[in-house]
2 protein chains.
Amino acid sequence: MSQRQVDAERKPASGSGRPGKNGDGAERHEAIHRSISDAIIEHRLKPGARLREDALSEVFGISRTGIRKILQRLALEQLVTLTPRRGASVTRPTAEEAKDVFDARQMVECGLMPEVARRITAADLERLRDMERRERQALKAGEQSSAIKLSAAFHGELARLSGNDTLAAFVEQLCSRSSLILAVYGNAGHLGCESHDHDGLLRHLEGGDGERARAFMSRHLKAIEASLSIHEPEDESPDLYEIFSG
Amino acid sequence: MSQRQVDAERKPASGSGRPGKNGDGAERHEAIHRSISDAIIEHRLKPGARLREDALSEVFGISRTGIRKILQRLALEQLVTLTPRRGASVTRPTAEEAKDVFDARQMVECGLMPEVARRITAADLERLRDMERRERQALKAGEQSSAIKLSAAFHGELARLSGNDTLAAFVEQLCSRSSLILAVYGNAGHLGCESHDHDGLLRHLEGGDGERARAFMSRHLKAIEASLSIHEPEDESPDLYEIFSG
DNA sequence: ATGACGAACATTGTATACGCTTTTTCCCCA
DNA sequence: TGGGGAAAAAGCGTATACAATGTTCGTCAT
């Protein structure tokens, strides 16, 4: 009765190409997905937080069926972990996963830079500079949540410019996971992406120098990774079988 | 009553580490997923084929709920396409998607080769040679279905050896999609992967020469892509809005 | 004969209900 | 007072039922 509902960012009515009849209530699911996803990326839901189906279904005003569907998609994207009879929780990346994610970003994002430098247009540069500006403002205003999300969006948008949707989607997924990694292994205080880094990257791209951009991106990612303190926290569930019966 | 069910490859009972109690009936879902996935990869379900929920739920003996879950996962993996009120069908990749997939494979699989060459062990080589042998046998026996699946498994296994699970999972997904692409754009007669190619690749890896292996893989993938006849079939659903109101 | 309208059918979308597993709480006993 | 066990509660897994929508086939009018 009195539970407050959330409206998950109302979208501009019809997003599809067709003008007249708008199809579906499935856009609702999309909105809820983004809503939860954003909350995780912005660290408003911290790693380890439990996501009970009942609670979510009440909050968003749909039944558990729809929530389960969204939760499963988030699990496929590695943002939440689904433990068999225990339900969903925000993923707590291991040190190994963190290394894998940054290695993958190193390979893909750097590899994409030459093609991006070749295809980038003035309008693209304008949009990216705007994003970079907003990111810097958020950082200066102390809004870490926004800054993290904007940084991930920046890297994602950059990857989109390559024209390869498959790789771009992969990069976006890696960026989301990176945000989780920052939440676990990042030192509070200085965020991963220093904004002047993004600015420098844009200058290389503007000059059309793909190789320089690639090298810059490589240093950028290495710097982020180096700023983490990746030490496996004391093992919360030690494998007693291995310890004693081994 | 009289519908034949399928048992989707019974697994060896308890896969988990713990000896006694086995967890879940969720392994059933995994098995069904693999069953459908294999059917698509082996071209026993051709692109465009419709996958009705009722039919699948009868065949596998579970309710539509479980089938929907599996279908959605397959959609995330790009093996099936979910059209809003029309249901699921095997994805028919576009020419652009095909290009994206092969570009992605070029970047990731080639990039992985040096690390694989560094880490590969004698036991790994043994296993891969065995896979290559079986693939060649299947090809000789004219069993295209098996050959395609074995080829994809070979590339996936290779990626696993890099130790990076994230990238390995991505490669496996790309290989599955490649199988779909072969189904649409491949010329009947000669399959993509000539088996001697895989043999040569293994020789380079055995020698520990990562750079040679990378170059070989690059040529290998280019050869597969070149063997395709990528011509967009006559547009089945032209965008009338763009044509007329444009 | 052909095309359009309408009704019956087929198929997906969503919610709710029930059963089972896990967890928690409370009481009793040592 | 602390620990163990049983009962209750909470939460997830699955199935089924109902509603909405798309499709197909038949009929009627031109």
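Chain identifiers are assigned alphabetically (A, B, ...) following the order of the sequence lines, protein sequences preceding nucleic acid strands; residue numbering begins at 1 within each chain.
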For this session: Give a yes or no on whether the backbone of Glu143(B) and the side-chain of Ser146(B) come within a donor-acceptor separation of less than 3.5 Å.
Result: no
Exercise. Of the options Ile36(B), Thr81(B), Leu79(B), Leu45(B), which is the one that meets Val90(B) in a side chain to side chain contact (heavy atoms under 4.5 Å, CB included)?
Worked result: Leu45(B)
Problem set entry | Value in whole Å for how far the P atom of dA15(C) lies from NZ of Lys69(A) | 11 Å
Problem set entry | Separation of atom CG in Leu51(A) from atom C1' in dC12(D), rounded to whole Å | 14 Å
Check the interface with nucleotides 16-21 of chain D: list each N/O to N/O pair with the protein under 3.5 Å, or write none.
from    : atom 1 : to       : atom 2 : distance (Å)
dT16(D) : O4     : Thr65(B) : OG1    : 3.4

Seminar exercise, completed: Glu58(A) atom CD is separated from dT16(C) atom P, nearest whole Å, by 12 Å
Exercise. What integer distance in Å separates Arg52(B):CZ from dC9(C):C1'?
Worked result: 13 Å
Problem set entry | Test: Asp124(A) and Arg119(A) ion pair at under 4.0 Å | no
Exercise. Can a salt bridge be assigned to the pair Asp38(B) and Arg44(B) using a cut-off of 4.0 Å between side-chain N and carboxylate O?
Worked result: no
Exercise. How close or far is atom C1' of dT14(C) from atom CD of Gln72(B), stated in whole angstroms?
Worked result: 12 Å
For this session: Please check the phosphate of dT23(D) (OP1 and OP2 only) for any side-chain N or O of Arg86(B) closer than 4.0 Å.
Result: yes
Exercise. Got a sec, which residues hit side-chain contact (heavy atoms from CB on, under 4.5 Å) with Arg134(B), two or more places apart in sequence or on another chain?
Worked result: Asp130(B), Met131(B), Leu150(B)
Problem set entry | 5' precedence on DNA chain D between Arg50(B) and Ile62(B) (nearest-nucleotide basis) | Ile62(B)
Problem set entry | Pair Arg73(B) + Glu30(B), salt bridge at N-O below 4.0 Å | yes
Exercise. Got a donor-acceptor contact below 3.5 angstrom from the Thr91(B) side chain to the Gln78(B) backbone?
Worked result: yes
Exercise. Please give, in whole Å, the distance from dA10(D) C1' to Glu53(A) CD?
Worked result: 12 Å
Exercise. For the pair made of CD1 in Ile67(A) and P in dT16(C), what is the distance, rounded to whole Å?
Worked result: 13 Å
For this session: Send over the distance from Leu56(A) CG to dT14(C) C1', rounded to a whole Å.
Result: 17 Å
Exercise. Base, sugar-phosphate alone, or nothing: which one does Arg68(A) contact when heavy atoms must sit under 4.0 Å apart?
Worked result: base
